[in-house]
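A short write-up of the structure that comes next.
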There are 2 protein chains.
Amino acid sequence: MTRVTPRTRRSEALSRERIVEAAIELLDTVGEDRLTFKVLTERLATGAGAIYWHVANKGELLDAATEAVIAAALTIEPAGSPRADIHAVALALFEAIDEHPWLATQLALQLSRSPSGTVTPRIFESIGRRVSALDVPESTLFTASSALMHYILGAAGQNAANARFLGPDGDRAEFLAAASKAWEALDPEEYPFTRAIAAQMRDHDDREQFLAGIDLILTGIRS
Amino acid sequence: MTRVTPRTRRSEALSRERIVEAAIELLDTVGEDRLTFKVLTERLATGAGAIYWHVANKGELLDAATEAVIAAALTIEPAGSPRADIHAVALALFEAIDEHPWLATQLALQLSRSPSGTVTPRIFESIGRRVSALDVPESTLFTASSALMHYILGAAGQNAANARFLGPDGDRAEFLAAASKAWEALDPEEYPFTRAIAAQMRDHDDREQFLAGIDLILTGIRS
DNA sequence: ACCTGAACACCGTTCAAGT
DNA sequence: ACCTGAACACCGTTCAAGT
């Protein structure tokens with residue numbers, strides 16, 4: 001059992017920011033499906049109604065947590081070339097999702113709720129603006145930016161999932177070896193491809209692989 | 001209120017397949033967050049315990065539903081060229097997700113649970129095998145296939161989200177016009193890019209745009 | 001072996017009552 | 001205006017009891 005110690009002198013008043021902050025901490029430590037109002041009220045040493053005074057419901061709270069982390073991640077210094085800028089945005093998102101694996105689920109949910117919410121539009125804008133700086137025909141801007149965004153969020157989420165599965169003190173090399181072995185053990189009839197590239201899994205650098213994907217798409221964009 | 005009429009003479013025995021089938025129907029009609037054991041038992045004219053005899057828990061049921069639909073979608077005739085084959089797989093997934101929008105959420109969740117489950121590996125295999133048929137250096141196979149997979153699932157999910165938002169009898173052109181207008185109304189300081197491409201939104205074909213993204217990545221792969 | 005359905009534990013949300 | 005916390009509605013899961 002993870003003990004949830006009240007972090008709070010109830011002298012400081014409750015506020016939306018303090019609630020969101022506590023939510024992020026709990027998401028990071030106990031995980032998304034253990035973030036309940038019970039745990040949250042204990043941590044904040046308050047009652048459920050107090051939280052509802054500042055936040056409409058749990059969904060809004062999760063959105064706010066996502067927004068706060070992503071907004072911070074997207075604050076990036078210009079890096080010189082458009083390609084370097086895109087790498088910077090991609091890596092910033094990669095790191096954010098790596099540090100807060102619950103972001104992967106949360107962003108996926110936001111995307112599938114479509115035009116509501118402000119986080120995914122912000123990500124799209126952030127990527128698209130840098131793509132515009134490459135000079136590509138205007139007609140491909142939307143496609144190019146979407147392709148990049150989906151790859152970034154998908155691959156980063158995948159990486160976070162692996163890391164989460166591994167746990168904070170797992171041996172990465174060991175995990176990769178095990179995964180690679182599991183792939184090699186697959187049915188040759190059903191999984192010829194996955195088996196064939198199992199060896200590649202064993203020793204690859206996550207970030208390097210990730211950026212290679214970015215460059216692959218950038219190459220496609222420039223043609 | 002959507003009435004859930006029992007579809008079942010309880011003469012036919014319950015089975016895992018019939019439960020999964022009913023779950024898919026309900027996911028399609030009432031939506032994922034209204035699929036409860038209450039609704040499911042009513043539809044199947046049975047008790048909760050009966051379902052638990054055939055299925056371990058709700059998660060397993062959702063996985064089985066996802067697996068059934070995706071497996072059917074991935075049954076594809078060879079189409080001649082590798083590019084045409086990849087288009088066929090991509091479109092099949094696009095259509096499946098369009099018809100069953102809950103797949104987007106479900107696949108995203110499966111991806112973020114990583115090495116467990118068999119659906120996403122199957123999708124990866126299905127794509128990767130066709131990518132192998134392009135002749136690209138072996139070292140880029142993993143990156144290329146991941147990029148394609150994440151784009152396909154992400155973009156298809158996005159499309160399904162729009163369609164879902166629109167509703168079954170909404171006017172697509174009207175929706176696009178409204179979305180385009182909403183984009184144009186964004187703050188020019190914060191959203192210059194999104195504003196700039198708002199016009200593109202207005203008249204585009206979803207599938208065409210989607211396949212353009214596929215080709216963009218394929219171009220990157222071949223370089 | 002397969003099914004019934006009441007009971008249980010838990011969760012998000014509300015709201016009358018307090019300060 | 002802001003907070004308390006008991007009460008409510010709902011949900012997934014269990015399990016003793018039936019066939």
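The chains referred to below are lettered A, B, ... by the order of the sequence lines, with proteins before strands, and numbering in each begins at 1. Nothing here was measured: the structure is a model prediction, and the numbers come from that model.
- Between A:Asp33 atom CG and D:dC11 atom P the separation is 19 Å, expressed in whole Å.
- Going from atom CG of A:Leu40 over to atom C1' of D:dG5 covers 15 Å, rounded to whole Å.
- Side-chain contact check for A:Ser126 and A:Arg130: at least one donor-acceptor pair (N or O, by modelled atom type) lies under 3.5 Å.
- Listed nucleotides: D:dG12, C:dC3, D:dC3. Nearest to the side chain of B:Tyr52: D:dG12.
- Look at NZ on A:Lys38: it is 18 Å from C1' on D:dC11, rounded to the nearest Å.
- Using Watson-Crick or G-U wobble geometry with both donor-acceptor distances under 3.5 Å, C:dA1 finds its partner in D:dT19.
- Between the C1' atom of C:dT13 and the NE2 atom of A:His54 lies a distance of 16 Å, rounded to the nearest Å.
- Taking only side-chain atoms of A:Lys58, from C-beta outward, the nucleotide of D:dT13, C:dT13, D:dC3 with the closest atom is C:dT13.
- Residues B:Ser15 and A:Ala56 each lie close to DNA chain C; by heavy-atom proximity, the contact nearer the 5' end of the strand is made by B:Ser15.
- The nearest heavy atom of DNA chain D to A:Ile51 and to B:Gly49 marks one nucleotide each, and the one closer to the 5' end goes with A:Ile51.
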Go through the steps for B:His204 and B:Asp206 under the test side chain to side chain donor-acceptor pair (under 3.5 Å), then give the verdict.
-> CA-CA 6 Å; B:His204 82 271; B:Asp206 294 318; 3.1 Å; yes
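- Rounded to an integer number of Å, the gap from CG of B:Leu14 to P of D:dT19 is 19 Å.
- Among the nucleotides D:dT13, C:dC3, D:dG12, the one closest to the side chain of B:Thr36 is D:dG12.
- DNA chain C is contacted by both B:Ala48 and A:Asn57; B:Ala48 maps to the nucleotide lying nearer its 5′ end (nearest heavy atom per residue).
- In this structure, C:dC10 forms no base pair with any nucleotide, since neither Watson-Crick nor G-U wobble geometry is met with both distances under 3.5 Å.
- With a 6.0 Å radius and a threshold of 12 heavy atoms from other residues, nucleotides or ligands, B:Phe165 has its CZ atom at or below the threshold.
- Other residues, nucleotides and ligands contribute over 12 non-hydrogen atoms within 6.0 Å of the CZ atom of A:Phe175.
- Side chains of A:Thr105 and A:Glu32: a donor-acceptor N/O pair is present below 3.5 angstrom, by distance only.
- We find that CH2 of A:Trp53 is positioned 22 Å from P of C:dG12, with the value rounded to whole Å.
- A:Leu44 has its CG atom 14 Å from the P atom of D:dG5, to the nearest Å.
- A:Leu35 places its CG atom 12 Å from the P atom of C:dT13, with the value rounded to the nearest Å.
- Each of D:dC3, D:dT13, C:dT4 was ranked by its minimum atom distance to the side chain of B:Phe37; first place goes to D:dT13.
- The nucleotide whose nearest atom lies closest to any side-chain atom of B:Ala13 is, among C:dT13, D:dT13, C:dC3, C:dC3.
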